[in-house]
Amino acid sequence: MSNPEPVARDPAPIFAARIFAALGDRTRLALLGKLGDGQARSIAALSTDTALTRQAITKHLHVLQDAGLVASLRVGRESRFAARREALDEARAYLDGVSRQWDDTLGRLKAFVEG
């Protein structure tokens with residue numbers, strides 16, 4: 001007896017879940033907001049005007065990086081972080097798809113109720 005082939009799973013919900021989990025923290029949202037202008041910043045620059053330590057900022061940045069929301073690059077001895085707009089665009093596309101599904105479902109429900 002042969003094993004059935006594994007069912008291909010859509011990676012979009014898993015990807016979206018990582019992004020939304022990362023964005024579910026106020027500090028990470030604020031960090032992404034600081035990086036929203038497209039400029040790469042060091043951990044020292046990102047820790048100004050906050051009560052958080054550089055170590056705490058670094059941990060939050062790594063969560064954002066693991067979710068694909070920021071990228072790091074080395075400049076001399078320091079790491080600089082920049083927002084990855086592509087990840088936000090992919091999350092937006094995922095939410096747009098979910099929204100279309102709900103619109104379709106509500107449209108069918110309305111037609112059924114009115115029909």
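- Closest approach of Leu73 to Ala40, counting heavy atoms only: CD2-CB, 4.4 Å.
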(request) Show your working on side-chain contact (heavy atoms from CB on, under 4.5 Å) between Gln65 and Phe81 and close with a plain yes or no. (result) CA-CA 9 Å; Gln65 187 174 16; Phe81 290 83; 3.9 Å; yes

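- Side chains of Arg80 and Ser42: a donor-acceptor N/O pair is absent below 3.5 angstrom, by distance only.
- Counting only distance, with no hydrogens or angles, the side chain of Ser47 and the backbone of Ile43 share a donor-acceptor pair below 3.5 Å.
- Atom NZ in Lys59 sits 13.0 Å away from atom OG1 in Thr27 (nearest 0.5 Å).
- For Ala22 against Leu64, the heavy-atom pair with the smallest separation is CB-CD2, 4.2 Å.
- A heavy-atom distance below 4.5 Å is found between the side chains of Leu32 and Leu88.
- Within the 4.5 Å cutoff, side-chain heavy atoms of Ile57 are placed close to those of Leu61.
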(message) With side-chain contact (heavy atoms from CB on, under 4.5 Å) as the criterion, how do Asp25 and His60 come out once you've worked through the C-alpha distance, each side chain's angles and the decisive distance to 0.1 Å?
(response) CA-CA 9 Å; Asp25 180 90; His60 284 292; 3.5 Å; yes

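- Within the model, atoms OG1 of Thr58 and CG of Leu46 stand 9.0 Å from one another, a figure rounded to the nearest 0.5 Å.
- Counted within 6.0 Å of CZ on Arg74, heavy atoms from surrounding residues, nucleotides or ligands total more than 12; the atom is thus considered enclosed.
- Between the side chain of Thr48 and the main chain of Ala45, a donor-acceptor pair closer than 3.5 Å is present.
- You'll find the side chain of Arg92 reaches within 4.5 Å of the side chain of Asp96, heavy atoms only.
- The side-chain heavy atoms of Val70 and Arg84, taken from C-beta on, include no pair separated by under 4.5 Å.
- Every residue was checked against the salt bridge (charged side-chain N to carboxylate O under 4.0 Å, His left out) condition with Asp103, not counting sequence neighbours, and none meets it.
- Side-chain contact between Arg28 and Val63: present, with at least one pair of heavy atoms (C-beta onward) separated by less than 4.5 Å.
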(request) Test side-chain contact (heavy atoms from CB on, under 4.5 Å) on Phe20 and Leu95 and set out the steps. (result) CA-CA 11 Å; Phe20 298 133; Leu95 287 176; 3.7 Å; yes

